[in-house]
Amino acid sequence: MHWALRWWILLAAGLPAFIGYPEGIWPGLALQGVSPARLTHGIAIYVLIGVCCGGGFLAGAVSAASMILLPLVVAGAGLSYSFHLTGLAYPGGPADYSPHYVALVINMLVVIPLALSLVLTIPFSRFETRLLRRHDGVTRREKYTLMMLRVFNHIAFSVIPAALEVVREERWGDLGRRFRRRSRGEAAASHRMGSTVAGLVHLASTCICSALCFVPLWALEIAGLPERARQRQKADHDDRNAA
Amino acid sequence: MSPPDNAIRRFSTFEELETAFRQRTVFAVPRQYGGLRRFWEDFRQLHGSDGMDTAARAKTAWITINPRDCLAFGTAEQVLQAAVLSAGTVPEKGQTTVAALAEAYDLTRQLSQPLRTLSGGETVRLALAKTAASADQIERLTIASPFSWLSSEGRRHFDRLTGLLLNRSISVELLTLDGEDSLEPITTSTAWVGGPRFRLRFDKAAFLLGTPLDDIFGRQTRAVIADFDSELCSPCLLTGGNGKGKSLVAKVLAGAIGCEGAVGVGRSRASGRARLLFQDVVTQTLMRPPVRLAAAKDDMAVYRLIRDGLPEALRALTPERPDRGHPAEAQSLLVVKMLLAATRVSDRPGAVILDEPDWGLSRTAAVGLVDSVVAAAHEWEVPVILISHKPWWTASAASQVRVEKGISGSTEDRVRLSFMLQVMEAQ
């Protein structure tokens, strides 16, 4: 499937998720705060992303969405509960605000993978190659474009895969297993748990560092690419006029 | 042609080499070892007024100790295209020049591969090819430690480039670690005798090379490891030339790459997974806080075993208690490798894999470290697998397995790459 066709299909099907659902189509509630139309649309979007982008991509996108929304939802629900306890809001307790958070979870679980699939389905690496294949030089605008493409492609094709390799080798995904470990004694198991959590937290900050690490090098090399002759002539002409 | 002796500088530690390299070249990449504080200090400096001026930068080429750090683009083709474009080669011959460079440095099949998936030796060849493209523009080349990556077959590419540059009166400066370029096997150590026997098994092992994004664009390559089931003796040497898949096989064994089929290593039924020390421990540590040992007994006990097994001169360079109070920048590469090895051996995995353990170390330090890690692992009854393209370990290893790579044209199940393991006869 051509990438542009894939992109338009995802955008057309996913538009209700961005602009608001036609809730009235299907009355009632599938879950607290979630209409059947929204839930059905969400499931359909998942199927579509799986077909267009592959199951592996879908799994990664859902993982990313979960990691983003979990702290938000947990912190938000905790804050709401504290308001209830202090009497500032939600006199009815969790029943008052839980529909909001359920709807938020469903919404984010649909919107984030959809947005990721819309962005990542664009072949940015091909654009990069095409820009560099020009024999007559590169314009300034193309240099800026190259820089942005470089950052994006580096994160998508280098930083994230490298981080995942380290996580897999360190088995930082095995939090459940570490909870259940008894063979090495509690001290060792709790240390492993602590180091796993600390490692995952630090992973986020080092991914940012890895993403930015080569920016000066890219700037140096991209700036060194020759400018296209037409732009050079224009620059010379402007200099002469100014003089 | 090799650089003349007066153009070769030898260092005993990674840190000394890196410092000297940064003094001689453009300071373009912040240091990724030694913690976040050092990283951000370097990053801020890069945006300041320090460093070479533009004219000097344009005339200087460099190849970093990790060759990926000097390549600015995502694929081999892009790197060469940018180099050819910057060099101002005749436009209508630009594409031919990229192809000619790729052919000259044995990179024709790797042109469309992302840099991350190239082996260390292939990456060095790419850096050499890039430098060759800019030979008309530069006045000086500084290379750091290429022999940690290049196999003996790959050294002819290095000699080709240095010959090209020296013939044009372009100065070549080579910074290496002591003994790094040696091809002499090490003498047999007693620690390597009587190691545990273990089983290595691959059964219908298949995996995908590339990211899920590559799958969207149909770029993922399916790879298989030919069925293999053999009993081996520790330490086992996994050997083969550059780009044959040694590190890939290691990552599959360690679970760093997801794999279908049955993959196992271990003493009894080969049902365990391995733990791995990457060749590039800088990437493996991901600039995280200093590698810590568990408060529980095992990690520290293994670290002490490793440290006590080092030669005295090396032991003096390592802390007795590498625990709290040692910032990341105080942890040398040797100490980081010891700590990573200790945490892995104490896990009692099916095997511990040391991928090119000599990277970033002088020959003396590498031999001392490997000797000590093997002894400690054997005491804990953990088998050791060494990966190396160098002939250093061939005479000492208790068993050897050679890795070869093949390309399959089968379209039935899209198999494109296949890796074969073969047990070598004892020498």
Side-chain angles (χ1 to χ4, degrees), chain A residues 3 6 52-54 56-60 117 120-121 123 125-126 128-129 132-138 150 153-154 156-158 160-166 168-169 171 184-185 187-188 191-192 195 198-199 202-203 205-207 209-210 212-218 220-222 224-226, chain B residues 26-30 32 36 39-40 43 46-47 54 57-58 69-75 77-78 81-82 85-86 88-92 94-95 114-116 208 210-217 220 251 254-258 273 275-276 278 283-284 286-289 292 294-298:
Chain A
W3 71 268
R6 188 187 299 129
C52 289
C53 303
F57 175 83
L58 176 62
S117 64
L120 297 177
T121 206
S125 60
R126 270 187 235 167
E128 203 177 357
T129 305
L132 290 168
R133 272 190 188 149
R134 296 192 69 104
H135 302 309
D136 54 349
V138 182
R150 195 76 294 280
N153 287 330
H154 178 67
F157 294 103
S158 183
I160 293 174
L164 286 175
E165 270 187 12
V166 173
R168 284 194 206 108
E169 199 281 332
R171 292 153 171 80
R184 302 286 299 280
H191 168 83
R192 295 280 191 250
S195 64
H202 196 78
L203 183 68
S205 64
T206 54
C207 281
C209 294
S210 298
L212 298 175
C213 187
F214 297 106
V215 165
L217 176 68
W218 299 333
L220 194 67
E221 297 250 340
I222 291 172
L225 294 174
Chain B
V26 175
F27 186 66
V29 178
Q32 299 172 69
L36 290 173
F39 175 85
W40 288 114
F43 197 81
L46 284 167
H47 290 281
T54 308
R57 281 177 177 171
D69 290 352
C70 62
L71 302 173
F73 295 94
T75 67
E77 184 184 2
Q78 290 170 2
Q81 279 173 339
L85 196 57
S86 298
T89 313
V90 177
E92 57 269 23
Q95 193 56 47
L115 286 196
R116 220 194 121 255
L208 291 170
T211 65
L213 285 180
D214 292 314
D215 192 29
I216 297 175
F217 303 114
Q220 270 192 327
K251 287 181 180 178
I257 294 177
R273 287 284 176 161
R275 293 301 310 270
L276 173 63
F278 291 8
T283 300
Q284 186 170 19
L286 285 178
M287 295 175 286
R288 62 187 174 194
R292 301 286 185 208
K297 300 178 291 297
D298 299 351

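Sequence lines set the chain letters: A, B, ... in the order given, protein chains first and strands last, and positions in each chain run from 1. No experiment lies behind these values; they were computed from the predicted model shown.
Distance CG/B/Leu115 to NE2/A/His154: 10.5 Å, rounded to 0.5 Å. Interatomic distance, CZ of B/Phe73 versus CG of A/Asn153, reported as 11.5 Å (0.5 Å rounding). Interatomic distance, B/Gln78 CD to A/Arg150 CZ, rounded to the nearest 0.5 Å: 6.0 Å.
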Check against side-chain contact (heavy atoms from CB on, under 4.5 Å), A/Arg133 and B/Glu77: CA-CA 10 Å; A/Arg133 272 190 188 149; B/Glu77 184 184 2; 2.8 Å; yes
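Nearest heavy atoms, A/Pro226 versus B/Ser86: CD-CA, 3.8 Å. Of all heavy-atom pairs spanning A/Leu132 and B/Gln81, the tightest one is CB-OE1, 3.6 Å. Closest of all the heavy-atom pairs between A/Arg168 and B/Ala256 is NH1-O, 2.8 Å. The two residues A/Leu225 and B/Leu85 have their closest heavy-atom pair at CD2-CD2, 4.2 Å.
For B/Leu71, the part sitting under 4.5 Å from any heavy atom of chain A is the backbone (N, CA, C, O) and nothing else. A/Leu212 touches chain B through backbone and side chain together, each having a heavy atom under 4.5 Å away.
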